[in-house]
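Just below is one structure, and these are the notes that go with it.
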Amino acid sequence: MNLLEGLNPQQQQAVSAGTGPILVLAGPGSGKTRVLTHRIAYLIGVLGVRPYNILAVTFTNKAAREMEQRVVHLLGENTRGLMLGTFHATCARLLRREAEHLPFDSSFVIYDADDQVSLVKTALRELNLDEKQYRPQGIHALISNAKNELILPDDYPVQTYRDEVVSRVYRRYQELLLASNALDFDDLLLWTALLLEQNPAVRERYARRFEHVLVDEFQDTNQAQYSLLKHLASFHRNLYVVGDTDQSIYGWRGADYRNVLRFQKDFDDAQVILLEQNYRSVQSILDVATAVIDRNPYRTPKRLFTERGAGQKITLYEAYDDRNEAEYVVETIAALVARGQSRPGDFAVMYRTNAQSRLLEEAFLRNNLPYRLVGAQRFYGRREVKDVIAYLRLVHNPSDEVSLTRVINTPARGIGNKTYLELRTEAQKLRLSSGALLLKMVEKPGLPQLKAMGRRAADALSKFGEMLARWRAVKDETSPLELIDRILLEVDYRAYIDDGTEEGRDRWENVQELRRLASEYQEQGLTPFLEQLALVSDQDTVETNGNAPTLLTLHAAKGLEFPVVFIVGLNDGTLPHARSFDDPDAMAEERRLLYVGITRAKDRLFLVYSQFRSQFGYQEAVEPSRFLEDVPEALVDSPQLSRSRPTSPYASDAVRWQAPGRGSAPVVQQRYHPGMHVRHPVWEDGMVLNSRIQDDDEILDIFFEKVGLKRVAASLARLEIRQ
DNA sequence: ATGGACAATGTTTTT
DNA sequence: CATTGTCCAT
């Protein structure tokens, strides 16, 4: 197969470029992923590089999965040994392998943002600092930023008293992490960068191995990531980065698009290749996008062009208020579908903040139309899910203080704050983690520490300790699913969570979803399961092949495309967000965010703003977004402003492309039917026996040839429909 | 120790 | 307004 076939000259140049540092500046829709995957295939298939000597990193698991599939598709199965994954997963792997050089051991657990904040709280309390004055969230953000810039507690710049406090909290926070044998998200990058920096032997081993290092979305890298990339490519200097500074929207997370400039400075022999042909959008949409982004300073102008034709004008709509805005969106979608111009799945509605999804959801619900919501309430962020995960983590690693804190009295078992505090104090005296002390109390029931406490407290503690010890005893012989079931049973979790209300039922259903997830790790065991849980993100669960409009934030929209895009809430204060007003860099990022949104659209674009907006309870007059001033009038079509009294929703049956679902939950299109043959990644072939919509998911009963009857959630099980 | 009622408080984006 | 924390009665 000719790997250059079907590529335009710029893409061919990028794919077949020689070795050495290479920077590909890829405009939106210019076939960036295509270039990257063809490049990998080219290295292996044409240049004869062994897959083992290639590293490719992405930001999301979804991107990694997609690339992997496409490379395999191009090469056949010829990719064994290729290291392809997210920054975080790749670093986690490397750190586990090299743990002997590091102050933690290879069974470390990974703390997410919630865990991080609770650990900051612990540190604040230990240092007798006021949580009101030093908000944990804020402190956490500062620590996180420092880590992203490779600043350790000792180097934390202190100019004010507050800085001094932060550096103290940071130091303690880091100690607590190590005591828990835990790393936070940022640590994965930080420790990897430090290890490569400070350990020449390790650095050289990896640098020699990776003859080629490829990076997706390079504009989103932070300093830690840039540093570790440089180290990994330090021997062969074949660093191939693809990105677009105009799509840099993660500055608040430490991403620094100036890494693109740094790259050109650090590698002054780098080849720079520009991809300007857009395969996604019609010209009118590209022109609007260009007009908006051109106002940003310090950028290399790109001339985006397309062969998809001029396209129709974009639509600008002024609604009376935000409720009307949502109604307009839903009505318009319904009308376009009713006219047969588009299918429901063609639409995306994008907004600046998650909170804005609510009015949209309500509008869809009022009109009995289904929709897909991306992100918002994170599955893994739900209390019951976190509880069960915390139990698993504690069994895996009893030193995990954050998890212990979470579950030691959940469900309530008579271990209150005071008892837990005593346990911690005693543990600290013995230089043990609380979990370790608990286990020790079980081994040696006569420990003096027990006597120091009240009888009731000691009883409750040892009962919990015994449970923990029992789970640990079986953890290596049982599958994650069996372990979960055992834990659920022994702590009587269902009785705690499922109180008979609808909410309780939902909660229990979430636990069931976690069980289903666990069942995919039957053979692999607890460690990979926990790692997977820690490193999946919302982005990874976005499915674009649904049959209903997608609601998502502008951030979540990056990397996706839709035939018709609505961007709502184009008001000053919302987009750009008020918090960015006083910072020119932040304002530039807001503008890029709008640019990303606009360039998601293939055929049609609707920009929507309103005169009034309810901030919280109150309705407030708001201004249209200042960014709208930069949209050339010639490209805009504004419908006559007749909506201060909204027309009645299109209620004809024609527009109800699906019957309303039960309850108030979002309705999901049924995609599976009895008799359908499907394939599951683990259980392989099976036949659908039954399908029902429940909550916002489709629940399937499937009979698998190999393992028999299973119940799965369509959104979670990666099913493939077979003909 | 527990659970409920009330108050305060704070609202961006998330690997 | 919706979540989170704090206080108070059991």
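In what follows, chains are A, B, ... by sequence order, proteins preceding strands, each numbered from 1. For the numbers below, each heavy atom of this structure counts, side chains included, while hydrogens, waters and symmetry mates do not. Because the structure is predicted, anything quoted here is derived from the model rather than measured.
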Q) Within the structure, does a side-chain N or O atom of A:Arg253 lie under 4.0 Å from either OP1 or OP2 of B:dT14? A) no

Q. What side chain to side chain donor-acceptor pair (under 3.5 Å) pairs are there with at least one residue in residues 568-578 of chain A, not counting sequence neighbours?
A. A:Asn571-A:Arg613, A:Asp572-A:Arg626

Q: Return each pair, listed once, that meets salt bridge (charged side-chain N to carboxylate O under 4.0 Å, His left out) where at least one residue sits in residues 139-152 of chain A; pairs must be two or more places apart or across chains.
A: A:Lys147-A:Asp184, A:Lys147-A:Asp187

Q: Could you give the distance separating C:dG5 and B:dT12 at their C1' atoms, to the nearest angstrom?
A: 23 Å

**Q.** Side chain A:Trp252 and base B:dT13 donor-acceptor under 3.5 Å
**A.** yes

(Q) Determine whether a donor-acceptor pair (one donor, one acceptor, N or O, separation below 3.5 Å) exists between the side chain of A:Arg352 and the base of B:dT13. (A) yes

Q) Nearest of B:dT13, B:dT12, B:dT15 to any side-chain atom of A:Arg579? A) B:dT12

Q.
For A:Tyr391, give me all partners under side-chain hydrogen bond (donor to acceptor under 3.5 Å, both in side chains), at least two apart in sequence or on another chain.
A. A:Arg413

Q: Could you pick out which residue, A:Leu189 or A:Gln137, lies toward the 5' side of DNA chain B when each is mapped onto its nearest nucleotide?
A: A:Gln137

Q. For A:Asn354 and B:dT14, is the shortest distance between a side-chain N/O and OP1 or OP2 below 4.0 Å?
A. yes

Q) Is A:His555 stacked on the base of B:dT13, with ring centres under 5.5 Å apart and planes under 30° apart? A) no

Q. Who are the side chain to side chain contact (heavy atoms under 4.5 Å, CB included) partners of A:Ala113, not counting sequence neighbours?
A. none

Show the distances under 3.5 angstrom between N or O atoms of the protein and N or O atoms of nucleotides 1-4 of chain B.
from	atom 1	to	atom 2	distance (Å)
B:dA1	OP1	A:Thr419	OG1	2.7
B:dT2	OP1	A:Gly414	N	2.8
B:dT2	OP2	A:Asn409	ND2	2.7

(Q) Suppose we screen for side chain to side chain contact (heavy atoms under 4.5 Å, CB included). Which residues come up paired with A:Lys230, at least two apart in sequence or across chains? (A) A:Tyr226, A:Asp266, A:Phe267

**Q.** Where A:Lys558 and A:Arg600 come nearest, the two heavy atoms and their spacing
**A.** C-NH1, 4.4 Å

(Q) Check this one for me: any side-chain N or O of A:Thr353 less than 4.0 Å away from OP1 or OP2 of B:dT11? (A) no

Between protein and nucleotides 2-7 of chain C, what N or O pairs are separated by less than 3.5 Å?
from	atom 1	to	atom 2	distance (Å)
C:dA2	OP1	A:Arg358	NH1	2.8
C:dA2	OP1	A:Arg358	NH2	3.2
C:dG5	OP1	A:Lys121	NZ	3.1

**Q.** Pair listing, salt bridge (charged side-chain N to carboxylate O under 4.0 Å, His left out) test, anchored in residues 245-256 of chain A, at least two apart
**A.** A:Asp246-A:Arg299, A:Asp246-A:Lys302, A:Asp256-A:Arg258, A:Asp256-A:Arg262

Q: Scan for ring pair (Phe, Tyr, Trp, His ring centres under 6.0 Å) pairs involving residues 108-127 of chain A, sequence neighbours excluded, and state none if there are none.
A: A:Phe104-A:Phe108

